[in-house]
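Before any comments, here is the structure.
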There are 2 protein chains.
Amino acid sequence: MTMVIMYQGENDLSLREKKKIETRNKIFDVSARLFKEKGIENTTVDEIVKEAGIGKGTFFNYFPSKTALLLYFAQQKEELTYNQIKNEALKSVSTREKIINTLVFVAKTNEKDKELTKMFVFEYMRHYGSSEDERKSRSLSNILYSLIEDGVRKEYVKSTIDAKKAAEIISAIYFHSLMEWLWSKIDYSFSDDISGKIGMVFDGIAGGRT
Amino acid sequence: MTMVIMYQGENDLSLREKKKIETRNKIFDVSARLFKEKGIENTTVDEIVKEAGIGKGTFFNYFPSKTALLLYFAQQKEELTYNQIKNEALKSVSTREKIINTLVFVAKTNEKDKELTKMFVFEYMRHYGSSEDERKSRSLSNILYSLIEDGVRKEYVKSTIDAKKAAEIISAIYFHSLMEWLWSKIDYSFSDDISGKIGMVFDGIAGGRT
DNA sequence: AGTCATTTATGACCGTAGTCATATTTAAGA
DNA sequence: TCTTAAATATGACTACGGTCATAAATGACT
């Protein structure tokens, strides 16, 4: 039974935990630098551990795979982005505009680091439904879901609409269009493209007949 | 200048070409068996070449990568499927029904070999825009495009609609929903899901306000 | 049949992600 | 301070996809 009561300010971490954080940060910093310097594909785990001054096994103690490290990067960025989205959505009134602005905003932040984005979209696909990372990989869907529910309340969206399904189709369109845009050789406006498509979803494509 | 004119029936292939076809088929047969027996991921190229009685290098003479073999499988299946689609679409009158039936039909054939389908969807994502396989990977989009253009002519679809964009959003929804369905633990009706979503696209989700 | 150029086959070899038995470090109690 | 259990670090090793220089097979021509 321990009798030691610790009064610690900035220093309430054991040596172990401090070293753990240090190592994790070291891996993160070194790989961030290498990824920028020579691209993700061209950076090997061996290089990372050599530059970080740790053993190879250690890397895999912290990240179960190279992919896990990438996902960690992507997640960090995603968190930053999604925190800004609320402000972005507030800039407009109608649900349609809110959704378009949100998607364009996310796309723009993604454009800044195309390679990482590609990697993320790719890994998002690969690890689809692998249970643990559901919260984050579904978060765009969740944001859209809130916007649509809000839209139903304010009558921007039909009350008969299944908000969950609607959020799904919009995020499907977003991902697909983003891929098309990221990998496309020809340069076109993502904003215009996505606006047009969201417009179709709002107004429908049905003609006179049924 | 050759004076030999060959009248050949079933046998107009040189020894080389016969052996080539034989080897290709051997690889195809063996890997098909192994994939079924122990799954795609668990089947290595080394195993395939060992069972096929060929050298490892030979495999890569026929398929530049393991992925290429997978894509070959997927392509074979896709061809079969897409040939049947026309009949499927003819069963209904309205464009809406035609599209739904087409997608449900494709989904059903995919369901028969979930693992291969996952692999294909996955590879479809990975090799997105890698120039060479555009014709086939875009073929669902093309079919949808034709259906929509036809729909515009028959007034099932608004004449103001950009058929290309519409085809894109529908195939985006299809792929996304298919993934959701393939990887989902809970069992639900894909037909119902996709019908609902296509319905939304036709009728629109917009409410009273703008 | 003999010669030679072209096509195809081959397996030793390589790069890289990931594993695991063993060694080292840390925390905590006596 | 000494002992011991648990956490952490480590690098030799494995597995696997893919490469490449070299060898064998094939076909065209004489």
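Naming convention: chains lettered A, B, ... in sequence-line order (proteins, then strands); numbering from 1 in each chain.
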Separation of [N] [atom2] from [X] [atom1] (nearest whole Å):
X	N	atom1	atom2	result
B:Asn42	D:dG17	CG	C1'	15 Å
A:Lys50	D:dA9	NZ	C1'	19 Å
B:Phe60	D:dC16	CZ	P	13 Å
B:Phe63	D:dC16	CZ	P	20 Å
B:Glu41	D:dA15	CD	C1'	14 Å
A:Ile40	C:dT16	CD1	C1'	16 Å
B:Glu22	C:dT7	CD	P	21 Å
B:Lys66	D:dC16	NZ	P	9 Å

Between the protein and nucleotides 9-13 of chain C, list every N/O to N/O distance that falls short of 3.5 Å.
unit_1: C:dA9; atom_1: OP1; unit_2: B:Tyr62; atom_2: OH; d: 3.2
unit_1: C:dA9; atom_1: OP2; unit_2: B:Tyr62; atom_2: OH; d: 3.2
unit_1: C:dA9; atom_1: N7; unit_2: B:Asn61; atom_2: ND2; d: 3.3
unit_1: C:dT10; atom_1: OP2; unit_2: B:Gly55; atom_2: N; d: 2.9
unit_1: C:dT10; atom_1: OP2; unit_2: B:Thr58; atom_2: OG1; d: 2.9
unit_1: C:dG11; atom_1: N7; unit_2: B:Gly57; atom_2: N; d: 3.3
unit_1: C:dG11; atom_1: O6; unit_2: B:Gly57; atom_2: N; d: 3.3

The reported gap from CD1 in A:Ile205 to CE in B:Met200 (rounded to nearest 0.5 angstrom) is 14.0 Å
Going from CG on B:Asn87 to CZ on B:Phe105, what distance comes out if it is rounded to the nearest 0.5 angstrom? 8.0 Å
Nearest-nucleotide wise, let me know which of B:Leu15 and B:Pro64 is further upstream toward the 5' end of DNA chain D. B:Pro64
With a 6.0 Å cut-off on the ring centroids, do A:Phe202 and A:Tyr156 count as close? no
Centroid-centroid distance, B:Phe175 to A:Phe175, less than 6.0 Å: no
Could you tell me whether a side-chain N or O of [X] sits under 3.5 Å from a main-chain N or O of [Y], the two making a donor and an acceptor?
X	Y	answer
A:Ser14	A:Glu17	yes
A:Thr58	A:Ile54	no
B:Ser184	B:Ile186	yes

Any A:Thr44 side-chain N or O less than 4.0 Å from OP1/OP2 of C:dT16: no
With no hydrogens and no angle check, do the side chains of A:Thr109 and A:Lys77 hold a donor and an acceptor under 3.5 Å apart? no
Between the protein and nucleotides 3-6 of chain C, list the N/O to N/O atom pairs that are separated by less than 3.5 angstrom.
unit_1: C:dT6; atom_1: O2; unit_2: B:Arg16; atom_2: NH2; d: 3.1

What class does the angle between the rings of B:Phe190 and B:Trp181 fall in, given that below 30° is parallel, 30 to 60° is tilted and above 60° is perpendicular? tilted
